[in-house]
2 protein chains.
Amino acid sequence: MTQPPMNQNVTLAEIAEVAGVSPATVSRVLNGDERVAEHRVESVNRAVRELGYSPSRAARSLATGKTGLIATIIDSNLEVFTDPFWGIVTTAISRTLQKSNLQALLMATPLNKADNMLAASLNSQQVDGAIFFQLHDDGFVAELFKQGLPCVVVGTPKSSKSIPYVDVDNATGARMATEYLITRGAKNVATITGDLAISAGRLRYEGYEAAIAALGQAVDKNLVVNGNFSHESGIEAMEELLDSGVPFDAVFVANDLMALGAMSVLNERDIKVPEQVAVVGFDDMFAAQLGRQKLTTVRQDIEGLGSAAASMIAEMVEGRRPASRMLQTELIQRDTA
Amino acid sequence: MTQPPMNQNVTLAEIAEVAGVSPATVSRVLNGDERVAEHRVESVNRAVRELGYSPSRAARSLATGKTGLIATIIDSNLEVFTDPFWGIVTTAISRTLQKSNLQALLMATPLNKADNMLAASLNSQQVDGAIFFQLHDDGFVAELFKQGLPCVVVGTPKSSKSIPYVDVDNATGARMATEYLITRGAKNVATITGDLAISAGRLRYEGYEAAIAALGQAVDKNLVVNGNFSHESGIEAMEELLDSGVPFDAVFVANDLMALGAMSVLNERDIKVPEQVAVVGFDDMFAAQLGRQKLTTVRQDIEGLGSAAASMIAEMVEGRRPASRMLQTELIQRDTA
DNA sequence: CTGAAAGCGCTAACAT
DNA sequence: ATGTTAGCGCTTTCAG
């Protein structure tokens, strides 16, 4: 069971010599060219194995013009860091990319249109494509995309929807959650929204709205209070809701973090969950499962987000133009509704 | 404020022509060679700007033998995914690497010695160095390191301490936590350990032990119960501790996840925290700040872990051999102790 | 089906 | 201080 030598400096030419064929033939075998005589294929493969050869990425890139590298860009202004989201997505990207013989190049950098450093790195000499995380401003991406660089954005782009993107279906998830609350018997479903300036926030609110509309009702504005996705804002929103005196027996909260905050005030005021107020969150973040009462919530397929982005970019590298994708969400029933 | 054209195909040769100098001179200017006449430096720079030139990584690699790429390898068997840890570290790595003109190549893959795929990618043709996350088995890394590949491990390696590594100072952190509990007045400090087969688990226990020893006492084995870092095991351990009947007025728990579990049983049994039992955790994970009672805990500098790893590998790429580093921890006083 | 030869864009001696 | 000249290791016409 000895490892192959993994020699640092075996070249294709040496393989050719050992196998008794020309470099061109070795190259053909390596790239799976069909029309090479069986016995030569074998002797080349044997030489490759014995010498522990692995092709030089640089030389190949120089010859083909392809790098095999996909930039995975995270705008480091984002506060994703408190969330395992980013780790899961990038890991999934890396794993999926491997299937297409591509590798993920990680770039954490503040992203703005004027950033020439990044623009230079993204020059097609350097990478075959780029995956962006949901951005404040997608003008920069739009520009690169227009210049012909394969791009995919994870999340829903603000403006330029022409760039292929993947996102979870926020609207449908929110609607399902709200409808679940209703079928469970809730008469007055309140909602704590996220930041409505962010697409996830807006779409989740729209889903709530759609569920109410399906009942033939209009949304009672007293039942909706705005948060900003932070734990703190969940606390404040619930206090506001409670203090306003509007009766409600359920609440759809736009993310788990706020839901957890809301729950803590419900607990403090001795309001029974879910008996008096049922609550469902969104995200299925890890902490949702931690408390004494586990949160009922809408799970998003975070890993799916990464692998979708990766396979889309792989398609683009091959010249195809994949459609944007929406990933389904799933309602996870636990203790709070 | 127009952007430079960012032409995909400007070559060094074209720059040379436009600037009226030889390719070698352009190369010198690009690489900051001192002995080039001032006016030529200027004209080269102007041409670079005007044509929107950026050098081809592939060609440069081929010529120099350096790739400018650092593999960042995560053993995907790890369950880091529930934790923002990984995202923070990799982000920090990427950012720090940039300062040395290196880039992070992300590789999420099950890691085992027999994995030739990975070995091939890690061949020095492909990357200039590699950063590994705490591993189950570091034999594989040891092998690569011996073959001359610059390697750094994040975490404390099991066996081969000769490989440079960065870790938080688990022992000192645990000791500080325990001593804090003691100075706060605790007479009987219990501990819930992590998985002792993992260095973090072992070292945190040793820190606890050291604090007790400093008191001139021996550890009372009835006060130590083993967990495995999971939330569930924290619950079980606390139940075991309580049911055993040993008196204790404080507990140092080896990570926040278990601490949260332990707290939930304390709450259930109406034991007042911190009055009857004070608790301190370790990690300062996000959820530590969420509950009704925020957890007192030992914070580790996760970002520091990443940037240390990155700067160490950068040093190694330049031929130096940096010493392993231990990062200090910080006690965060909150509600539970 | 296979080989020879010409680059891909850059750097690094070696001259000058 | 600057230009000339070979390559780096691979792919890819083009012949045969």
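What you are looking at is a predicted structure, and each value in this text was computed from that prediction instead of being measured. Values below: all heavy atoms of this structure, side chains included; hydrogens, waters and symmetry mates excluded. Numbers restart at 1 for each chain; the letters A, B, ... are given by sequence-line order, proteins then strands.
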Which heavy atom in [X] sits nearest to a heavy atom in [Y], and how many Å separate them?
| X | Y | answer |
| --- | --- | --- |
| B:Met316 | B:Phe145 | CE-CE1, 3.6 Å |
| B:Gln126 | A:Pro55 | NE2-O, 2.7 Å |
| B:Cys151 | B:Leu144 | SG-CB, 4.3 Å |

Check for a donor-acceptor pair, side chain of [X] on one end and backbone N or O of [Y] on the other, with a separation under 3.5 Å.
| X | Y | answer |
| --- | --- | --- |
| A:Asp167 | A:Thr156 | yes |
| B:Ser100 | B:Leu102 | no |
| A:Asp128 | A:Lys66 | no |
| B:Glu17 | B:Pro23 | no |

What's the closest nucleotide to the B:Thr64 side chain, out of C:dT11, C:dC10, C:dC8?
C:dT11

Comparing B:Leu62 and B:Val21 on DNA chain D - which has the more 5′ nearest nucleotide
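Going by which nucleotide is closer to the 5' end, it is B:Val21.
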
Under 4.0 Å from any atom of DNA chain C, heavy atoms only: list the residues of residues 25-43 of chain B that qualify, in numerical order.
B:Ser27, B:Arg28, B:Asn31

Taking atom CD of B:Glu303 as the centre, does the number of heavy atoms from other residues, nucleotides or ligands within less than 6.0 Å exceed 12?
no

Contacted region of DNA chain D by chain A, from 5' end to 3' end of the hits, cut-off under 4.0 Å to heavy atoms, spans D:dG9 to D:dT13

Return the value, rounded to whole Å, for the distance between atom CZ of B:Arg60 and atom C1' of C:dC8.
16 Å

Take the protein atom CZ of B:Arg57 and the nucleotide atom P of C:dG9, then report the distance between them rounded to whole Å.
16 Å

